[in-house]
Structures are given as C-alpha cells and as structure tokens.
*Asks:* 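The following block contains the structure, expressed as structure tokens.
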Amino acid sequence: MHSPLEDLVSRSNRLGSDPRNTNFAGGNTSAKIVGTDPVTSEPVELLWVKGSGGDLATLTGSGLAVLRVDRIRALADVYPGVHREDEMVAALDYCLHGKGGATPSIDTAMHGLVAAAHVDHLHPDSGIAIATSADGEELTRRIFGDKVAWVPWRRPGFQLGLDIAAIQAANPEAVGCILGGHGITAWGATSEEVERNSLWIIDTAAEYIAEHGAAEPFGAVRAGFEALPERERRAKAAALAPTVRSMVSTDRSMVGHFTDSDVVLDFLASEKAPALTTLGTSCPDHFLRTKVKPLILDLPSNTSIEESAHRLKELCSTYRAEYRAYYEAHATADSPAIRGADPMIVLIPGVGMFSYGADKQAARVAGEFYVNAINVMRGAEAISAYTPITDAEKFRIEYWALEEAKLQRMPRPKSHQGRIAFVTGGASGIGKAIAKRLAADGACVVIADLDLDAARAAAAELGGPDVAVGVAANVADAGAVQAAIDATVLAFGGLDLIVNNAGLSLSKPLLETSERDWDLQHDVMAKGSFLVSKAGARTLIEQGLGGDIVYISSKNSVFAGPSNIAYSATKADQAHQVRLLAVELGEYGVRVNGINPDGVVRGSGIFASGWGANRAATYGVKEEELGQFYANRTILKREVVPDNVADAVAVLTGPELSRTTGVHIPVDSGVAAAFLR
C-alpha cells in the first residue's frame, strides 16, 4: 500500500509525462495530509505541493514544499488586497512546516485555499484552447455543464486562490475550473479522484474540439508557403542558422534548437499564421519562455538564402523596436530593467522554427512551448476565435517583481555556458577529455569522429542531446566536414569553438616512410584542420559573435625527434596554420591558438593504436613504462594525461584569456628543447 506522499509523486509523474496534460515545468499538484506537530504532538493538516521551478514528470519528494494548511488559510484574515498581493508570497514563509522542503510557488495559495484534499493545476493544450477562446465562458458551460466552472483571467497569486475557492464553494457540483487565458484546475477527495477529474476535463475539451471544430481552423494553405522537401529545408535551415543566431544574440549570446515538425510546417503554411503570430501566446508559462510573440519571415518557402537572410535582419530590427515600445508602454518606475529585445522564436515558412535560450534545454523547451501555443491557437480557432490576454497583462507577468526575483536566484553561469563547441576526434583520448571538460564548464558539445557509434556513445556519457551530440566526420573530406558543421548548427543553433584534435601517427624514419604514410597523416591533420577551420570560420564570421579555434598540435611541431618525419612535419604545418589564421580571422573577433602536448600515453588514442609501441621501441623502453620515460626527461618530471590538455583548452577559450591569439601553449611538463623562441 502506497503512502499519500508516494501517491502524490506518482500522480504528478503520470500527469507530467504526457504532453497533452501539461508543459515542461508547468502546473503543480498537491495533497493535504495529516501529520504531527513535533512541538505539541498534536495532529496538523499539512499541504504538500510541488515547489517553484519543478517539473511534474520528474518530481520527487525533495521537490515538494510543505506548509501548514491552517496558517495558509489564516492569511486571508490579514490579506491587504489585490494591490498588495505580492506581499503574500513572503508571508508563505511563515506557513512552512519545519524547514518546509522546496521553495513554495506562486500557486501555493490556490492549493491551500481550495477546499479539497487533492488539487491539480495543469496547462493542457485543449484546456487552454477553451481558456483563450473569445467566448470561453459560454463554451465552458456548453461543454462541461455544472461540473466545470469558469474563472475569469487573473494573474496567478493569492487573489486567484481566493477566487477559485469562492467559485468552488458556489458550485458544489464542480470538479474543476477553466482559468481564463491560463489553464485548468481540478480537485478531488482522493489522489485517484483528482487525477480522474483532471483527465476528464482535458479529454472532454479535446473531444469537443475534435467533434465540433472547423476542418481547417488555420484557413487555407498559402500558395508558395508549403513545406520544402526534407533535405532541402534542412539545408536551408543550416544555411540560415548563423544569420538567425546573430540576430537573436544582439543582447546576449543564445543557444538554439531547430524544429521542422508537421505541426510547425503546417501552421506556417496556413492563411491565418501571420495574423495569429502577432497575437502572441497567452498561458504565462508559454510567453515567459517564448516572449510575447515570435518573429515570422514573410517570404515564400523557395526564397533564396541571401534574400531570406536580408529580410530576416530587417524584420529583427523592427521586432526589437516593437519590443522596446511594448516595454516602454507598460513599464512603471519600479519595473525591472528590460531583459533584452531579441526574439526567442523565429519562424521560417517552408523550413521550420528556431527557438532560443541560455542553454540547449531552455532553447528546446521554448520550442516545445511554442508548439503548445500552436495547438492552443488551432483549438481556439476551430471552435471560436483565439483571444489571448492583453499585452498589458502579459507585461505584468513578464516583468513581475516575483519573476525577476526568481531569475536573480538562478545560479551564476559557468565559464562556457551558451558556447557551442565542435571537437574533432572527440570520441576517445585527448578529444574526449576536451569534450568532457567543455561540457562540464557549460558548453554544448558536438563530438565529431570517424567512428559515429563511438561519437554517439561519448555524447551520451556527457549527458545526452541537451549537452552533447555525436556526428560522423572524416576530416579529410570537405563534404563530410561541411555536413558535420551543418549538423552542429541544426543541433545547437550555431558554433563558437572549434577544436582541431583529430589525428593519427605512424612512427617511421625517412627511408621507411611511404608516400601513402605521408599523405595519410597530412590529409587527416594538416588538410583536415584546414577544412574544419574553413567550414567553421564561415559560420563564425556570419554570426558576428567572435569565437575560438584551437589546434591540438604537438611538441614535435618545434622539436626534431627521431624517426618521425611525416608526423612532425604535419604538426609543424598545423602550428603555422595557427599563426596564419590568427592574423586573418582576428578582424572578426575569432581567436586562433594552439596547444603543444607531449608524452600523453595513458588514455591516448594515438598511443593505443601502435604509436606507443613504436616510440617505446625507438627509445629502447618497455611500452608500459613509456609514460614515465617521457615524464623523466621533462623539467617537472610529471606525466601528462589527456585531462591536462583539456584544462589548457578550457583556460585558453575561457574569459580569462580573451585578449590572447596566435600563441602555442606547451603542455609537456617542460621539454627544454621544445621551448618556443
């Protein structure tokens, strides 16, 4: 038999895992459970409710806030009125039971004041479609009868909790309500009953829309705005991604997410799309993630890349001006400062949707929320007319002091947060260590490797697609390199940091080095680095955000070691590419630097592939002793491992060395013969 808390968590997980019920981190659930006051040993009714910022699908007990119900309800006696209701959030601290668990959310009052043991507040597309219909109140009566009440729009808070409690008391047959412009709330005597009521409201709304809705709620298809064939639209998306990222990163650099689902493409091809996008979203969770409205390109699907990019820049300039006007029209003396005027959603007919955020998860979720908004608009247009809350009300939430306080509580960004890294040879050895370090420092990482399965496995180790993805890349093939860069900008919206790490080595003296040996090593390292830098530089230049290119060269680029003609010569080639590109790309704010490792035996892909045995034979030592052999000949007498190279990449591309370009940093424990002069 499950405990009431286990029932609450499992109910929350079930509801939150189905996108038809609510969006990511949206909505909240609660249960009123009798506990014991540890001071008096008397029974006390406690409210367990999802805390601020949590996600229902992944909720655990630690994500619940715990408050005394009697104290929450007693707040009604001291409530100063809607003009001062924000003060009630701080008052909730005095209602906590013990340490109180998670931080109570703004919806806590709703759960505490409603006279039911179990309450669900959700943001289902079908429910919000009713809530944003022009005649939502009448539709609620028609669809649900006296089982669901209508609550006019009110910003979340203590007064909304009082409103719902009063409406519940006045409608004893009701099992829930539609919150105008917002979502739904349901209640029940047991956890099973409230879940059943929540799903009944959601399903009944969806069934009504399906049965009574117009066949083409978005109108006819606009000729010329239909979806392009998949390969063509994704190629266009990749070509436009750097331009779009440069637009949306005017105020701060953003990570992107691309979606070309049928839901998005069909909407963008429709007759009503231009007008509906100007109305913006309605549910607070939606527009807090997507801004009040998106930017939509007003050109047909087959418009050229050049013309599309030019028009997007014009539209972005207009968007920023209009957003500033929106802010100035509604801001008061105590409003938080404007948080940036860049769009978060960019819609391109025939191609798809780019969404943006401070990191990949935020960008992906913003896109998911706009898909929710499309579904809401479709439902509302099918049975009525989509009528979201006013811009004035949106502003009151977007620039709410409580929302600002939540943003201020966010952890300080890591050194590479918001940066997108492309690491060649990233599935093993030094490359894998670099990818791991950059991801730990907040970067999104693309692991490019000849072995696609290994690249994907390495990416999964780093945390999956919101952190890293694996792509196939033969760096000696220009087409394969460009495909990998295209995959990067589609995965994360752009590119900031390139690490030319892919390599191999054949240890042979001059007379034993074949032409094939020479060509292979130069193709992978000298030519490969050139091709990757060239393809990546196009994106960096178009974005206009600066960037970094790092070459993992070698001590051998400046040191004449024995029996190593092909490897050392190509490393010298890489070393000079650093200098040449630092000069050429500096005007675009792109820094180009190199790292010269030596003696990286443990964990090295090159040494494991035969290079170690060859070098051990050359120096007359056992292969298992080679790492210490290299260490013993250095000044510091310390072995170099892949993590040491990764540390150097992190520092070289971080904020501390923002004025450094064209240099090589030795990571060799000190080899005097390889000192740079």
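This chain uses plain numbering: 1 for the first residue, then up along the sequence.
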*Asks:* Could you go step by step and tell me if S198 and N21 meet the side-chain hydrogen bond (donor to acceptor under 3.5 Å, both in side chains) rule?
*Replies:* CA-CA 9 Å; S198 293; N21 299 333; over 6 Å; no

*Asks:* How far apart are the C-alpha atoms of I106 and W400, what are their side-chain angles, what is the distance that settles it, and do they pass the side chain to side chain contact (heavy atoms under 4.5 Å, CB included) test?
*Replies:* CA-CA 12 Å; I106 192 64; W400 198 356; 3.5 Å; yes

*Asks:* Does atom NZ (K436) have a neighbourhood of more than 12 heavy atoms from anything else shown, all under 6.0 Å?
*Replies:*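 No.
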
*Asks:* Quick one: sort the H330 and Y326 rings into parallel, tilted or perpendicular, breaks at 30° and 60°.
*Replies:* perpendicular

*Asks:* Which pair of heavy atoms, one from T488 and one from G494, lies closest together, and at what distance?
*Replies:* CG2-O, 3.6 Å

*Asks:* Salt bridge check, R419 against D441: does any charged N sit closer than 4.0 Å to a carboxylate O?
*Replies:*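 R419 and D441: not salt-bridged.
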
*Asks:* Among L199, I184, I128, which one satisfies side-chain contact (heavy atoms from CB on, under 4.5 Å) with L122?
*Replies:*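 By the side-chain contact (heavy atoms from CB on, under 4.5 Å) criterion, L122 pairs with just one of L199, I184, I128: I184.
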
*Asks:* Answer yes or no: is there a donor N or O on one side and an acceptor on the other, between the side chain of T277 and the main chain of A273, under 3.5 Å?
*Replies:* yes

*Asks:* If you measure from SG on C283 to NE2 on H123, what distance do you get to the nearest 0.5 Å?
*Replies:*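 Atom-to-atom, C283:SG and H123:NE2 are 4.0 Å apart.
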
*Asks:* Could you tell me whether E368 and R364 have a side-chain N and a carboxylate O separated by less than 4.0 Å?
*Replies:* yes

*Asks:* Any carboxylate oxygen within less than 4.0 angstrom of a Lys/Arg side-chain nitrogen, looking at E542 and K313?
*Replies:* yes

*Asks:* Say you draw a straight line from CD of E306 to NE2 of H310; how long is it, rounded to the nearest 0.5 Å?
*Replies:* 12.0 Å

*Asks:* Could you tell me how the ring of F395 sits relative to the ring of Y399: parallel (under 30°), tilted (30 to 60°) or perpendicular (over 60°)?
*Replies:*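 Ring orientation of F395 relative to Y399: parallel.
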
*Asks:* So does P242 get a backbone contact from the side chain of T539, meaning a donor-acceptor N/O pair under 3.5 Å?
*Replies:* no

*Asks:* Does a donor on one side chain sit under 3.5 Å from an acceptor on the other, for T29 and S12?
*Replies:* yes

*Asks:* Distance alone, cut at 3.5 Å: any donor-acceptor contact between the side chains of T653 and D548?
*Replies:*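 There is no such pair between these side chains.
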
*Asks:* Applying side-chain contact (heavy atoms from CB on, under 4.5 Å) between I549 and each of L497, L585, V532, V499, report the one that passes.
*Replies:*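 Between I549 and the candidates, side-chain contact (heavy atoms from CB on, under 4.5 Å) is satisfied uniquely by L585.
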
*Asks:* Applying the side-chain hydrogen bond (donor to acceptor under 3.5 Å, both in side chains) criterion to N372, which one of D125, T281, T290 satisfies it?
*Replies:* D125

*Asks:* Any donor and acceptor pair, going by atom type alone, linking the side chain of S301 with main-chain N or O of A227 inside 3.5 Å?
*Replies:*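 No.
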
*Asks:* Is it the case that the side chain of K291 and the backbone of I345 share a donor-acceptor pair, with hydrogens and angles ignored and the cut-off at 3.5 Å?
*Replies:* no

*Asks:* Between F144 and W200, is the gap from one ring center to the other below 6.0 Å?
*Replies:* yes

*Asks:* Would you mind checking if D449 and K432 are paired as a salt bridge, meaning a charged N to carboxylate O distance below 4.0 Å?
*Replies:* no

*Asks:* Using a strict cut-off of less than 4.0 Å between a Lys/Arg side-chain nitrogen and an Asp/Glu carboxylate oxygen, indicate whether R141 and E137 qualify as a salt bridge.
*Replies:*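 Yes, this pair counts.
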
*Asks:* Who are the ring-ring contact (aromatic ring centres under 6.0 Å, His included) partners of H212, not counting sequence neighbours?
*Replies:* Y208

*Asks:* Is there a donor-acceptor pair under 3.5 Å between the side chain of D260 and the backbone N or O of G352?
*Replies:*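 No; judged by distance alone, with no hydrogens or angles, the pair does not exist.
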
